There are 2 protein chains.
Amino acid sequence: MAKERSSGAGDPARTLELLWRDGATVPASRRGPRQGLTVDAVVEAAVGLADEGGLDALTMRAVAQRLGVTPMTLYTYVPGKAELLDLMLDAVFLKMPRTASGVDAPWRERVTAVADENRALYLRHPWLAELRVHRPPLGPGVMTKYEHELGAFEGLGLDDVTMDSALTHLLGFVQVAARTELDARAVDRESALSDEEWWAAHEPLLERMFDAERFPLASRVGEASAVAYQGLYSPDHAYAFGLARVLDGLAALIPADPPGSVPQGQ
Amino acid sequence: MAKERSSGAGDPARTLELLWRDGATVPASRRGPRQGLTVDAVVEAAVGLADEGGLDALTMRAVAQRLGVTPMTLYTYVPGKAELLDLMLDAVFLKMPRTASGVDAPWRERVTAVADENRALYLRHPWLAELRVHRPPLGPGVMTKYEHELGAFEGLGLDDVTMDSALTHLLGFVQVAARTELDARAVDRESALSDEEWWAAHEPLLERMFDAERFPLASRVGEASAVAYQGLYSPDHAYAFGLARVLDGLAALIPADPPGSVPQGQ
DNA sequence: CCCTCACTTTGTACGTTGTATAGAGTACCG
DNA sequence: CGGTACTCTATACAACGTACAAAGTGAGGG
């Protein structure tokens, strides 16, 4: 069995050809019976399955069933599950909606648009947040997304290396924020206990164990946060707060930052 | 089979008692044969296994074998794997080294110490980065860590809710940074292809597919980054860059920030 | 025209996972 | 000393990715 949740294990050449596949590349004359499916159909079925039930629901057997085919048939189209995940990633990157902010738009607006697009992408395809991707599949989707997002940092006086770092930093933030939000949702869905019920079940016992004098800050701040959002955690607030922090952090790098800007420390 | 990588599924009361277990709580007189192990021993074995081989190596069978016991024996000590993960998390949180920065130290220094501690923790226990934890186990480790880390934000003029948000934001950043670094290492270890070999295998094919005119920014910036660090990615740089951004972002929230400033009460 | 053989599709099988279930052995309490 | 609450073990199940081999299909070469 291959390692789960890793990606891009197999033959690089084969994977690249699949990533950049287009109708024209088909050899047009094959020996055996014509294929009843297409790589696109397989990828689409897989994405649909993962969208609905997460990575746990994405099994080769399930994909095959959705396509009306036996599991092993998939291996004619795709080398294995790891490569299928690469194709899925590239596919959703390629198709994601991109805000066309002009180069004349304020940089905070442009960068915010990139963050929002990515957050929306994670919320539409929750399995993306579970994926591990070092050495991302270098397909058209990944490239198009990278090209587009770098655009938000172009013309700000950043050198090329810093542009890349800044983008990575921004996307990293969006990823944790989305992951936290999605984890919270997943727990709600799976656990049969709502947040309130969970607290109700924990509180009496916790009071026996927990010494408020031993953890003064934790009790004070924990209490205040629990009151502020009527629960454990507010994803929208965390995103808004974090994005503002990221923007202010980047602002310190950007030479001229005309009116409306927030003063920087230090 | 239970959901993988989720945590805290079982009976809350039982889990809480396990988290806050101490020698004294043992009833001292039990009916059957004395237990040959302890919960601590199980947790320690599990942590050791996960440290060495990641979450993939952490199987109930492997833990049992390390303890010289059959797999099902573990279920006398621990309700299931999810709860074991909770106990592992709390245990390493409790034992992690904590820098004792005085309240008089500059806030950037204190916050940096918290970030560094957490990065070190992830690097020592890579499986932490793979874990999903919404509704964290409310054990002594989690509480102690939270209490300690809030201290870095105390006396800066932030209200309680903002202190919590700031800490969450900081820890989120450290987590992505660590995860990215660990993913990179894992790929290097598993893939039998070094980064250079991987590039060498991809480049010729990529040049056939990839149109530099279609992705001008991507080629320029990608090239520059690849040259700057002699590879795909430099974890140390990403961490340093990101931490600086986070600190600057937080600075915008903190009222007075002169060098060597005295913390002000709220 | 038909045979050959590359190719698609399928069925079966293996090793691995967490843990349900049932049985066997042990030692304290009444 | 017997009953019983407990520990530990053995076996079993369903689900996973996919190796392997057999069966079916249809275009190209003679």
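All values derive from a computational prediction rather than experimental measurement. The chains referred to below are lettered A, B, ... by the order of the sequence lines, with proteins before strands, and numbering in each begins at 1.
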**Q** Taking the six-membered ring of A:Y122, is the NZ or CZ of A:R179 close enough (under 6.0 Å from the centre) and on axis enough (within 45°)?
**A**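 No.
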**Q** How close or far is atom P of D:dC16 from atom CG of A:L55, stated in whole angstroms?
**A**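 Between P of D:dC16 and CG of A:L55: 13 Å.
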**Q** Start at the 5' end of DNA chain D and walk down; is the nucleotide closest to B:L74 or to A:P71 reached first?
**A**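 Nearest nucleotide further toward 5': that of B:L74.
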**Q** The side chain of B:Y75 is closest to which nucleotide in this list: D:dG17, C:dG18, C:dT12?
**A**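 When the side chain of B:Y75 is considered, C:dG18 is the closest of D:dG17, C:dG18, C:dT12.
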**Q** Between D:dT9 atom P and B:Q65 atom CD, what is the distance in whole Å?
**A**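 It works out to 13 Å between those atoms.
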**Q** Rounded to the nearest Å, what distance is computed from the CG atom of residue A:D56 to the P atom of nucleotide C:dG18?
**A**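 These atoms are roughly 14 Å apart.
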**Q** Can you tell me how far C1' of D:dA27 sits from CD of A:Q35, to the nearest Å?
**A**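 Computing the A:Q35:CD to D:dA27:C1' distance gives 15 Å.
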**Q** The side chain of A:K81 lies closest to which of these nucleotides: C:dT19, D:dT18, D:dC8?
**A**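 Nucleotide nearest to A:K81's side chain: D:dT18.
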**Q** Rounded to the nearest 0.5 Å, how far does CG of A:L67 lie from OG1 of A:T73?
**A**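 Nearest 0.5 Å value for the OG1-CG distance: 9.5 Å.
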**Q** Test your reading of the model: is there a side-chain donor-acceptor pair from A:R185 to the backbone of A:L182, 3.5 Å cut-off?
**A**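 Not at all, since once roles are kept as given, no pair shorter than 3.5 Å links the two residues.
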**Q** Nearest to the side chain of A:M60, heavy atoms from C-beta on, is which of D:dT18, D:dC16, C:dT9?
**A**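 Between D:dT18, D:dC16, C:dT9, the one nearest the side chain of A:M60 would be D:dT18.
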**Q** Once you apply a heavy-atom cut-off of 4.0 Å, does A:L84 come out as touching a base, just sugar-phosphate, or nothing?
**A**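 Touches nothing.
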**Q** What's the CG-P distance between A:L67 and C:dT10, to the nearest Å?
**A**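 So the CG-P distance, A:L67 to C:dT10, works out to 11 Å.
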**Q** Distance-only, no hydrogens or angles: does the A:D90 side chain make a donor-acceptor pair with backbone N or O of A:V142 under 3.5 Å?
**A**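 Looks like yes, one N/O pair under 3.5 Å.
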**Q** For the pair made of CG in A:L49 and P in D:dC16, what is the distance, rounded to whole Å?
**A**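 The answer, rounded to whole Å, is 11 Å.
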**Q** On the nucleotide C:dT8, are OP1 or OP2 found under 4.0 Å from the side-chain N or O atoms that A:T73 carries?
**A**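 Answer is no, no contact under 4.0 Å.
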**Q** So if I take every side-chain heavy atom of B:V69 and compare against D:dT9, C:dT17, C:dT10, which nucleotide ends up nearest?
**A**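 Nearest to the side-chain atoms of B:V69, counting from C-beta on, is D:dT9.
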**Q** Rounded to whole angstroms, how far apart are CE on A:M72 and P on D:dA21?
**A**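 It is 12 Å, rounded to the nearest whole Å.
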**Q** Does D:dT9 have its OP1 or OP2 closer than 4.0 Å to a side-chain nitrogen or oxygen of B:T70?
**A**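 True: B:T70 side-chain N/O within range (under 4.0 Å) of D:dT9 OP1/OP2.
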**Q** OP1 or OP2 of C:dT8 versus the side-chain N and O atoms of A:T76: is any pair under 4.0 Å?
**A**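 So the side-chain polar atoms of A:T76 never come under 4.0 Å of the phosphate oxygens OP1 or OP2 of C:dT8.
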**Q** When the distance from CD of B:E83 to C1' of C:dG18 is rounded to whole Å, what number comes out?
**A**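 Distance, rounded to whole Å: 12 Å.
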**Q** Given that A:R61 and A:Y77 both sit by DNA chain C, which one's nearest nucleotide is further toward the 5' end?
**A**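 The residue whose closest nucleotide sits nearer the 5' end is A:Y77.
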**Q** Is the shortest side-chain N/O distance from A:R34 to OP1 or OP2 of D:dA27 below 4.0 Å?
**A**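 So the side-chain polar atoms of A:R34 do come within 4.0 Å of the phosphate oxygens OP1 or OP2 of D:dA27, strictly under.
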**Q** Going by the angle between their ring planes, with limits at 30° and 60°, are A:W20 and B:F215 parallel, tilted or perpendicular?
**A**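 Perpendicular.
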